[in-house]
Amino acid sequence: MSARTARTRLLAATTVALAAFALTACDNGKGVRDEGPSAASNSSSQPTGSTAAGGTKAKPAGETGGSTAAPKTTTTAGTSGGSGSSGSSGSSGSSGKNGSGTSATRNPACNGANTKTTATEVSRPLNHLLLTVTNTGAKNCDLTGYPIARFGEAQSVPPVAESTHPQAVVTLAPGESGYAGVLLSAADGSGGNGYTAKTLVVGFAKGSSATPALPAKGVYVDDKLTVTYWQQSLDDALAY
């Protein structure tokens, strides 16, 4: 066999072998010819899929509830908070001490500086003293609370009868009077620690006190000593 004939046969065998290899690769779908484009396609699509899975890039339009939307929600909440803050400021302003107008229109307190106080013994009810406060000023004044009465050298003041609390603040126009009753002692003599007081100091809720004169003989008081709240009516003051 000549060298030329051998080369011809070798070339033919090689061609047949390559054709068979290519046919086998095509049948399996994994041939060298198809693998390149397929790998390229997979390579180009995989990073996109990985990026979406990792969340490092914006999500598709259909998935707007991701981290990109969160700042918008926070911003909206902040705006709402700002609006709430503004509302609170307005509310705070309207709910101040003068919000109801009470502070601005309240009358000055009645006290020893703008009134005259007298103390009078009455025959009925028994053992009672009537305190009368008359507005001597040029403006209305409010007579609030009850008389803080100190008889003689007493170290304490008598309690108030809570049942006598008025329904409204007692307001005195110039020249008008308000009243309070004082139960000096028990009518049946059951009270203890009794003594005769010849001086009286009447304190008010605000302002200076007054020192109304007592009868020359003084008044007898014991541990039943009780006062009423200031009243607009004399009858209400002596009803206790």
Side-chain angles (χ1 to χ4, degrees), residues 100-103 105-240:
S100 65
T102 302
S103 297
T105 59
R106 182 178 298 165
N107 297 310
C110 298
N111 56 62
N114 56 9
T115 63
K116 178 182 179 181
T117 304
T118 62
T120 308
E121 276 190 294
V122 294
S123 57
R124 289 285 185 270
L126 291 176
N127 302 341
H128 272 68
L129 188 72
L130 176 68
L131 298 180
T132 303
V133 174
T134 304
N135 183 355
T136 58
K139 297 180 180 179
N140 290 358
C141 67
D142 289 341
L143 187 58
T144 59
Y146 54 88
I148 303 170
R150 190 178 300 277
F151 287 86
E153 301 300 321
Q155 299 300 308
S156 61
V157 296
V160 64
E162 290 296 338
S163 61
T164 65
H165 199 294
Q167 296 299 312
V169 173
V170 176
T171 299
L172 304 181
E176 191 174 15
S177 298
Y179 310 90
V182 181
L183 171 62
L184 296 170
S185 59
D188 59 4
S190 62
N193 303 313
Y195 65 95
T196 298
K198 293 189 176 183
T199 61
L200 170 64
V201 177
V202 176
F204 296 88
K206 293 181 180 180
S208 58
S209 58
T211 55
L214 292 176
K217 64 180 180 60
V219 292
Y220 181 80
V221 299
D222 61 22
D223 54 15
K224 297 299 183 179
L225 183 64
T226 308
V227 300
T228 70
Y229 281 93
W230 293 113
Q231 307 290 331
Q232 198 84 51
S233 162
L234 182 151
D235 291 338
D236 289 340
L238 295 178
Y240 175 75

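Excluded from the calculations below are hydrogen atoms, water molecules and symmetry mates; all remaining heavy atoms, backbone and side chain alike, are included. All residue numbers refer to positions in the sequence shown, counting from 1.
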Practice task
Would you check if the side chain of Thr136 reaches a backbone N or O of Asn114 as a donor-acceptor pair within less than 3.5 Å?
Solution key: yes

Fill in the blank from the handout: When every non-hydrogen atom of Lys217 is compared with those of Glu121, the smallest separation belongs to NZ-OE1, 3.2 Å

Handout entry: Heavy-atom pair of closest approach, residues Ala237 and Leu130
Key = CB-CD1, 4.2 Å

Practice task
Kindly determine whether Thr115 and Asn135 satisfy side-chain hydrogen bond (donor to acceptor under 3.5 Å, both in side chains), including the steps that lead there.
Solution key: CA-CA 4 Å; Thr115 63; Asn135 183 355; over 6 Å; no

Exercise for the section: Would you confirm whether His128, through its side chain, and Leu126, through its main-chain N or O, come within 3.5 Å as a donor-acceptor pair? Expected result: yes

Fill in the blank from the handout: To the nearest 0.5 Å, atom CG of Leu143 lies from atom CH2 of Trp230 at 5.5 Å

Handout entry: Short side-chain to backbone donor-acceptor contact, Asp142 and Arg106, under 3.5 Å
Key = no

Handout entry: Option from Val182, Val227, Thr228 for which side-chain contact (heavy atoms from CB on, under 4.5 Å) with Leu131 holds
Key = Val182

Fill in the blank from the handout: Taking every heavy atom of Gly207 against every heavy atom of Asn111, the minimum-distance pair comes out as CA-ND2, 3.7 Å

Exercise for the section: Could you check Phe204 against Ile148 for side-chain contact (heavy atoms from CB on, under 4.5 Å), going step by step and ending with a plain yes or no? Expected result: CA-CA 6 Å; Phe204 296 88; Ile148 303 170; over 6 Å; no

Handout entry: Heavy atoms of other groups near Tyr229 OH, more than 12 under 6.0 Å
Key = yes

Exercise for the section: Mind checking side chain to side chain donor-acceptor pair (under 3.5 Å) for Thr144 and listing every partner two or more places apart, or none if nothing turns up? Expected result: none

Exercise for the section: Look at the side chain of Thr226 and the backbone N and O of Ala161, then say whether any donor-acceptor pair between them is shorter than 3.5 Å. Expected result: no

Practice task
To the nearest 0.5 angstrom, please state how far the CG atom of Asp236 sits from the OG1 atom of Thr164.
Solution key: 9.5 Å

Problem - Enclosure of Glu153 CD (heavy-atom neighbours >12, cutoff 6.0 Å) - result: no

Completion exercise
Nearest heavy-atom contact between Gly112 and Ala210 is CA-CB, 4.5 Å

Completion exercise
Heavy-atom nearest pair, Ser209 first then Val201, reads OG-CG1, 4.0 Å

Exercise for the section: Please report the shortest heavy-atom distance between Ser190 and Lys224, naming the atom on each side. Expected result: OG-CE, 4.2 Å

Problem - Distance in Å, Leu172 CG paired with Asn140 CG, rounded so as to fall on 0.5 Å steps - result: 8.5 Å

Handout entry: OG on Ser185 to CG on Leu225, rounded to 0.5 Å
Key = 8.5 Å

Exercise for the section: Look up atom CZ in Phe151 and atom NZ in Lys198, then write down how far apart they are to the nearest 0.5 Å. Expected result: 15.0 Å

Practice task
Evaluate the side-chain contact (heavy atoms from CB on, under 4.5 Å) criterion for residues Thr134 and Thr118: first the C-alpha distance (whole Å), next the side-chain angles of each, then the deciding distance (0.1 Å), finally the verdict.
Solution key: CA-CA 9 Å; Thr134 304; Thr118 62; over 6 Å; no

Fill in the blank from the handout: Rounding to 0.5 Å, atoms CG (Leu200) and OG1 (Thr211) come to a distance of 8.5 Å

